[in-house]
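Keep in mind that the numbers below use all heavy atoms, side chains included, and drop hydrogens, waters and symmetry copies. Below, chain A is the first sequence line, B the second, and so on; all start at residue 1.
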2 protein chains.
Amino acid sequence: MITEGSDSSFATQPAGVILALQRATHDTLRLLTARLAGENLSGSEINVLANLADGRVRSVGELAVDTGTKPTTLTSLLDRLASRGLLTRELDPADRRSFLLTLTAPGSRAARAARDVMDAIEAEALGSVSDAELAGFHAVVRALTAASQ
Amino acid sequence: MITEGSDSSFATQPAGVILALQRATHDTLRLLTARLAGENLSGSEINVLANLADGRVRSVGELAVDTGTKPTTLTSLLDRLASRGLLTRELDPADRRSFLLTLTAPGSRAARAARDVMDAIEAEALGSVSDAELAGFHAVVRALTAASQ
DNA sequence: TATTGTTATACTCTATAACTATA
DNA sequence: TATAGTTATAGAGTATAACAATA
């Protein structure tokens with residue numbers, strides 16, 4: 001049920017799907033970095049760590065896909081995280097052109113913190129959103145992501 | 001119920017709502033700038049123009065809310081758009097601290113082009129998405145945006 | 001030849017703090 | 001005093017092209 005949609009206090013809700021997406025991304029990212037101020041992480045660093053938080057070892061290319069960025073964008077960011085001791089880059093024995101990204105113990109802690117804050121924001125925001133609406137959200141986002149490859 | 005979540009062809013689909021949001025935003029923005037390469041517009045410029053495309057005259061602060069950014073972020077971007085003749089800043093007679101942003105004729109054309117490409121991407125991507133799913137998407141995005149203010 | 005990822009390079013994005021003008 | 005927006009400043013995000021190493 002979208003009761004807020006007809007509330008005049010939301011008169012500036014953007015018309016298009018992509019515009020709404022961009023606004024929500026900016027807004028949540030700002031809240032996220034504010035709540036994680038103690039960790040001293042930028043928005044993109046939070047995005048990267050939260051993706052790695054599942055413990056799955058990834059190559060740079062895979063991480064680029066997961067975050068929606070390019071490997072070249074990640075290089076300096078990964079340099080920074082590595083120099084802070086949050087992750088390591090190891091040559092993939094199976095393909096020595098590729099690096100395997102692994103969180104260190106402090107990195108896992110920071111990634112966990114990022115995911116926890118994300119989860120908390122989602123829980124707060126989506127309290128009155130139904131499972132069906134949430135499924136609809138994922139369907140739309142998945143379709144947009146797939147169409148943009 | 002999120003049945004698609006268990007589809008192995010979407011194995012890299014991010015778990016969280018916010019992670020999915022970020023990835024979709026990055027991916028769509030990249031496609032958008034690629035398709036609008038002829039206009040020579042950056043992602044944020046496209047975002048701003050597409051918001052202004054409805055013809056509604058806005059203050060800088062209102063535009064910042066609509067785009068999910070801060071006025072300070074918009075200043076140099078608006079400088080650029082104004083220097084290219086795409087919009088004008090006029091003092092608001094009702095509050096002379098504030099500027100009214102108005103698209104010029106070329107600005108309206110560029111904004112229209114941006115909206116058209118956005119609409120086309122949405123139409124292509126969301127062909128098989130139901131109205132109910134789309135409504136769910138908007139409910140989630142609206143809730144996230146509201147919770148992040 | 002093609003692919004992975006980095007380096008070099010060039011802009012753009014983003015925000016905080018300090019400021020001006022107006023309310 | 002408070003608010004709208006800019007300026008100054010600083011750092012992060014983003015990508016293209018060129019490159020080295022590997023496949």
Problem - Side chain proximity check, B:V129 to A:R142, heavy atoms < 4.5 angstrom - result: no
Exercise for the section: Send over the distance from A:L32 CG to D:dG13 P, rounded to a whole Å. Expected result: 13 Å
Practice task
Check the distance between D:dT6's P and B:L78's CG and give it to me in whole angstrom.
Solution key: 7 Å
Exercise for the section: List in chain and number order the residues that pass side-chain hydrogen bond (donor to acceptor under 3.5 Å, both in side chains) with A:D92, two or more places apart in sequence or in another chain; answer none if no residue qualifies. Expected result: none
Practice task
Find the distance A:L63:CG to C:dT6:P and express it as a whole number of Å.
Solution key: 11 Å
Handout entry: Any residue of residues 82-101 of chain A with a heavy atom less than 4.0 Å from an atom of DNA chain C
Key = A:R89, A:R97, A:S98, A:F99
Exercise for the section: Evaluate salt bridge (charged side-chain N to carboxylate O under 4.0 Å, His left out) for B:E122 paired with B:R115, printing each intermediate quantity in order. Expected result: CA-CA 10 Å; B:E122 292 180 16; B:R115 275 309 301 256; 5.8 Å; no
N/O contacts under 3.5 Å, protein versus nucleotides 14-17 of chain D?
residue, atom, partner, partner atom, Å
D:dT14, OP1, B:H26, NE2, 2.8
D:dT14, OP2, A:S44, OG, 3.3
D:dA15, OP1, B:R30, NE, 2.7
D:dA15, OP2, A:T73, OG1, 2.9
D:dT16, O4, A:T72, OG1, 2.8

Practice task
With the side chain counted from C-beta on, respond yes when B:V17 and A:H138 share a heavy-atom pair under 4.5 Å apart, and no when they do not.
Solution key: yes
Handout entry: Test item: A:S59 side-chain N/O and A:L100 main-chain N/O as donor-acceptor pair under 3.5 Å
Key = no
Completion exercise
Applying side-chain hydrogen bond (donor to acceptor under 3.5 Å, both in side chains) to A:R112 and not counting sequence neighbours gives A:D116
Exercise for the section: Would you classify A:S42 as touching base, sugar-phosphate or nothing, given that sugar-phosphate means primed atoms plus P, OP1 and OP2, and contacts are heavy atoms under 4.0 Å? Expected result: sugar-phosphate
Fill in the blank from the handout: From CG of B:L41 across to P of C:dC11 the rounded distance in Å is 17 Å
Exercise for the section: Identify, with sequence neighbours excluded, every residue that meets side-chain hydrogen bond (donor to acceptor under 3.5 Å, both in side chains) alongside A:R30. Expected result: none
Exercise for the section: Please answer whether the main-chain N or O of B:N51 pairs with a side-chain N or O of B:R58 as donor and acceptor at a distance below 3.5 Å. Expected result: yes
Handout entry: Degree of bending in the helix from C:dT1-D:dA23 to C:dA23-D:dT1 once both end axes are built from five pairs, to 10°
Key = 10°
Practice task
Rounded off to whole Å, could you give me the CG-to-C1' distance for the A:L29 and C:dA15 pair?
Solution key: 12 Å
Practice task
Return the value, rounded to whole Å, for the distance between atom CD of A:E45 and atom P of C:dT14.
Solution key: 16 Å
Exercise for the section: To the nearest Å, give me how far apart CD (B:E62) and P (D:dT3) are. Expected result: 16 Å
Practice task
To the nearest Å, give me how far apart CZ (B:R80) and P (D:dT7) are.
Solution key: 14 Å
Practice task
Answer whether the closest heavy-atom distance between the side chains of A:N40 and A:R84 falls below 4.5 Å.
Solution key: yes
